[in-house]
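Scope of the values below: all heavy atoms of this structure, side chains included, with no hydrogens, waters or symmetry mates.
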Amino acid sequence: MTPREVAALLAYVVKLDPRLSLDDQTAAADRLAQWCDLLSDVPAQAHGWDAARVVRDHIARSPYRIQPSDVSRPWHVHKADVLGRHAGTFEPTRHPEVDPDDEYGNAYVAALRAERRAVAAGQATPYTSRAITAGTLAAQVERRLAQLGRYMPPTVAEALADYRPHRAEREQLAAEGLPDPLDVACPYEHCLAPVGDPCRNARRVARGKPHPSRIDAATVTHYAHQEAAA
C-alpha cells in the first residue's frame with residue numbers, strides 16, 4: 001500500500017474503533033510510519049483480497065486493538081493460497097506474442113514468470129487446472145489453438161523433450177519457480193555467454209551445463225526479483 005492508502009485505512013480503523021483515535025500529532029505520525037512500513041508489500045485491494053474487509057472482520061471479532069500485523073499476516077496467507085491454486089502452466093492463448101519455435105524459450109520463461117509474479121501480487125487471478133480444462137475458458141482455448149496452428153500441445157512437447165533439452169529444462173525450471181541460469185549472462189571471463197544462450201567451453205562449443213558462477217548469479221537474481229515482487 002502507498003502511504004496515502006495506509007492513511008485511508010487507518011482512518012477507517014479509527015472510524016470503526018474510536019479507542020484508536022490519537023490527539024497527539026507526533027504519536028499519530030509515528031503510528032502511520034509504522035503501518036506504512038509493515039504494509040508496504042500488502043495491496044489495498046487485489047483479486048479476492050480487500051484490506052478494509054480484513055480490518056472490519058478483525059474489529060468485529062476480536063476484543064484486542066488491531067495492529068498492522070493483523071493485516072499483513074492474512075495477506076501473506078492469502079498470497080500463499082493463491083499461488084498454491086495457480087496451475088503454473090503456460091497458456092499460449094494469453095501470450096500470442098511468444099514464438100513457440102524459440103529454441104531456448106526466453107520469451108516463454110519471461111512470460112511465465114511475469115504471470116506468476118502478477119498472481120502473487122494480486123494483479124491477476126490464478127489459473128487452476130479446472131479453469132483451463134472446463135467451461136467457457138476451455139472453448140476459448142480451443143478456438144485460439146485452431147487460430148495459432150503452430151502451438152505445440154504439452155503431450156507433444158513432452159515427447160520431443162529429449163530433442164529440445166535446453167528448452168525442456170527451462171520450461172521445467174519456470175513451471176517450478178526455480179532459478180534459470182540462462183536468465184543471466186555468464187560472468188565467467190572465458191565464456192561470457194549472453195542471456196538466453198548456453199555456456200561454451202574453451203573451444204566455443206556449447207556446454208551441457210552452465211558454469212557454476214552463472215548458476216550462482218542466476219540464483220541471486222531470481223530471489224532478488226521474488227523479494228521485490230513479494
So Val77 and Arg73, side chain to side chain contact (heavy atoms under 4.5 Å, CB included) or not? Walk me through it. CA-CA 6 Å; Val77 171; Arg73 285 173 184 157; 5.6 Å; no
Please step through side chain to side chain contact (heavy atoms under 4.5 Å, CB included) for the pair Val220 and Val184, ending with a clear verdict. CA-CA 10 Å; Val220 171; Val184 300; over 6 Å; no
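Using modelled atom types, no side-chain atom of Thr221 and backbone atom of Ala218 make a donor-acceptor pair closer than 3.5 Å.
By the neighbour-count criterion of 12 heavy atoms within 6.0 Å, atom CZ of Arg204 is densely surrounded, having more than that number from other residues, nucleotides or ligands.
Every residue two or more places apart in sequence or in another chain that forms a side chain to side chain contact (heavy atoms under 4.5 Å, CB included) with Cys199 is listed here: Cys186, Cys191, Arg207, Pro210, His211, Arg214. Here Asp70 pairs with His58, Ile66, Gln67 under the side chain to side chain contact (heavy atoms under 4.5 Å, CB included) rule; sequence neighbours left out. Residues that satisfy the side chain to side chain contact (heavy atoms under 4.5 Å, CB included) test with Arg203, not counting sequence neighbours, are Asn201, Val205. The ring pair (Phe, Tyr, Trp, His ring centres under 6.0 Å) check on Trp49 picks up Trp75, His78, with sequence neighbours excluded.
Distance check: Cys36 SG to Glu5 CD gives 10.0 Å after rounding to the nearest 0.5 Å. The OG atom of Ser40 sits 14.0 Å away from the CH2 atom of Trp35 when rounded to the nearest 0.5 Å.
When all heavy atoms are compared, the tightest approach of Arg200 to Ala206 is NH1-N, 3.4 Å. Among all heavy-atom pairs drawn from Pro43 and Ala51, the shortest one is O-CB, 4.1 Å. Pairing each heavy atom of Ile215 with each of Pro181, the nearest pair is CG1-CG, 4.0 Å. For the residue pair Pro198 and Leu182, the shortest heavy atom distance occurs at N-CD2, 4.3 Å. For the pair Ala52 and Asp50, the tightest heavy-atom approach, listed with the atom from each and the gap, is N-OD1, 3.0 Å.
Leu38 and Leu32 fall into different hydrophobic clusters, where Ile, Leu, Val, Met, Phe, Trp and Tyr are joined by side-chain heavy atoms under 4.5 Å apart, directly or via other members.
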Distance-only donor-acceptor pairs under 3.5 Å for side chains of residues 11-25, two or more places apart:
from: Tyr12; atom 1: OH; to: Arg56; atom 2: NH1; distance (Å): 3.3
from: Asp17; atom 1: OD1; to: Arg19; atom 2: N; distance (Å): 3.2
from: Asp17; atom 1: OD1; to: Arg19; atom 2: NE; distance (Å): 2.9
from: Asp17; atom 1: OD2; to: Arg19; atom 2: NE; distance (Å): 3.4
from: Asp17; atom 1: OD2; to: Arg19; atom 2: NH2; distance (Å): 2.9
from: Asp24; atom 1: OD1; to: Thr26; atom 2: N; distance (Å): 2.9
from: Asp24; atom 1: OD1; to: Ala27; atom 2: N; distance (Å): 2.8

